[in-house]
Number of protein chains: 2
Amino acid sequence: MKAEDHQGEIAPPERLWQSPTWLVGQLSGDAHRLIVDAITAVARTDYAVLAGLEEFGPLSQAALGRRLGIDRSDISVVLDRLQADRHVTRSPDPAHRSRKLVQITPTGRRRLERLDTNVKKAQHTLLKPLTPDQATELTSLLQRLVQHHRGYQHPPAAS
Amino acid sequence: MKAEDHQGEIAPPERLWQSPTWLVGQLSGDAHRLIVDAITAVARTDYAVLAGLEEFGPLSQAALGRRLGIDRSDISVVLDRLQADRHVTRSPDPAHRSRKLVQITPTGRRRLERLDTNVKKAQHTLLKPLTPDQATELTSLLQRLVQHHRGYQHPPAAS
DNA sequence: AGCGAAGTGTTGGCACGACCAACACTGCTG
DNA sequence: CAGCAGTGTTGGTCGTGCCAACACTTCGCT
């Protein structure tokens, strides 16, 4: 193990190192690890759904999925679990009888807040090597790209 | 579909919108789509491996995997395909008889160069909404984070 | 009024990527 | 020599994203 280990062994090829697509993929993996490690993998999805329900009022499942970038089918099964745990209520929309209005419960809110603190910690860990200015710069750049590629309309006023 | 569609329907919850972990995950998905769409999904992995082999000389599979952030087991099957297509040669290391030296072939180089142009296009598409300065700023920030979280040593002198 | 197109929720499936575990083998080091 | 670590391989699991189909509802149009 000597011949390979001591020289500059750990470094990716330049082609990838200069590729934003690769860099963002790698970093996404690290971020995923941090989150899963701070809360569980299932809680990761739950967090997004609960966050959506808390900030938008009662909402149809499809609309919720669109705003979170999650497929209708996947939303469905997540809500099954969330509803079983009393974090969410699913009631038929009286106006549109084919839709179901999803709503967060007080229990769900408590869970969301509990997850919040751990998620915040993960964010901080991820951005640790950056200065505060660089961190906000990075998130702002990411927001611009995400907004463009996912066709978001009025970006919720960034910090 | 009217009641929900025309107002500010498309926008993620603030909690996620302010989360670098979430943003980077979303963008990683977009980047992945762009690449898979420019070359195939298998070619995406091939590209990383071929890029590594082109820039580092002949190399053991494990070392290659380490530098690319890919598991030994996954490297193994990728090389099976690459070798079958004559893009790569696997020869036993004469010094370390338990290792196999992997080497890119001229055919592999040609494939790498062909992929290169399409990958470049994908990068450009991903960063289209940014100015050149912002683009280099973003990649530099991403590099710093990736370098930190994956423990790379001497970051190959960024642009 | 009725017909077709489109939206909704659900189930089931596929593909891909990131892991992990075990195995046989080689190499190093006490 | 014995034990431990590195190597390549096989095979498996899990999470995530995506698509297809289905039954049902709603909208738009003539």
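Proteins get letters first, then strands, A, B, ... in listed order; numbering begins at 1 in each. The analysis underlying the following values was restricted to heavy atoms, covering all of them including side chains, and did not include hydrogens, waters or symmetry mates.
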Quick one: on DNA chain C, does B/Pro94 or B/Gly69 contact a more 5' nucleotide (nearest heavy atom)?
->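 First, find each residue's nearest nucleotide; the 5'-ward one identifies B/Gly69.
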
Under 4.0 Å: is that the gap between some side-chain N or O of A/Arg97 and OP1 or OP2 of D/dT26?
->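 So the side-chain polar atoms of A/Arg97 do come within 4.0 Å of the phosphate oxygens OP1 or OP2 of D/dT26, strictly under.
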
Under 4.0 angstrom between A/Gln61 side-chain N/O and C/dT10 OP1 or OP2 |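 Indeed, a polar side-chain atom of A/Gln61 lies that close.
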
Using the closest heavy atom to pick a nucleotide of DNA chain D for each, name whichever of B/Lys100 or B/Gln26 lands nearer the 5' end.
->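 Closest to the 5' end, via its nearest nucleotide, is B/Lys100.
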
Using a cutoff of under 3.5 Å, can you pull out all pairs of nitrogen or oxygen atoms linking the protein to nucleotides 10-15 of chain D, with atom names and distances?
none

Looking at CZ of A/Arg111 and CG of A/Asp116, how far apart are the two atoms once the value is rounded to the nearest 0.5 Å?
->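 The distance works out to 12.0 Å.
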
Tell me which nucleotide among C/dC28, C/dG9, D/dT7 gets nearest to the side chain of B/His96.
->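 Nearest nucleotide to the side chain: C/dC28.
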
Return yes if a side-chain donor-acceptor contact under 3.5 Å exists between B/Thr131 and B/Asp133, otherwise no.
->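 Absent: no donor and acceptor within the cut-off.
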
With no hydrogens and no angle check, do the side chains of B/Glu14 and B/Gln18 hold a donor and an acceptor under 3.5 Å apart?
->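 The criterion, which ignores hydrogens and geometry beyond distance, is satisfied for B/Gln18 and B/Glu14.
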
Using whole Å, report how far [atom1] of [X] lies from [atom2] of [N].
{"X": "B/Arg81", "N": "C/dA15", "atom1": "CZ", "atom2": "C1'", "result": "13 Å"}
{"X": "B/Asp93", "N": "D/dG6", "atom1": "CG", "atom2": "P", "result": "17 Å"}
{"X": "B/Tyr47", "N": "C/dC16", "atom1": "OH", "atom2": "P", "result": "20 Å"}

B/Ala48 near the nucleic acid: base, sugar-phosphate alone, or nothing, with a heavy-atom cut-off under 4.0 Å?
->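 Result for B/Ala48 = nothing.
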
Check each residue of residues 115-126 of chain A for a non-hydrogen atom within less than 4.0 Å of any atom in DNA chain C, then write out the ones that pass by number, or none.
->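 Those residues: none at all.
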
Considering the options A/Val102, A/Val88, A/Ile104, which one meets the side chain to side chain contact (heavy atoms under 4.5 Å, CB included) requirement together with A/Leu82?
->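 For A/Leu82, the side chain to side chain contact (heavy atoms under 4.5 Å, CB included) check succeeds only for A/Val88.
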
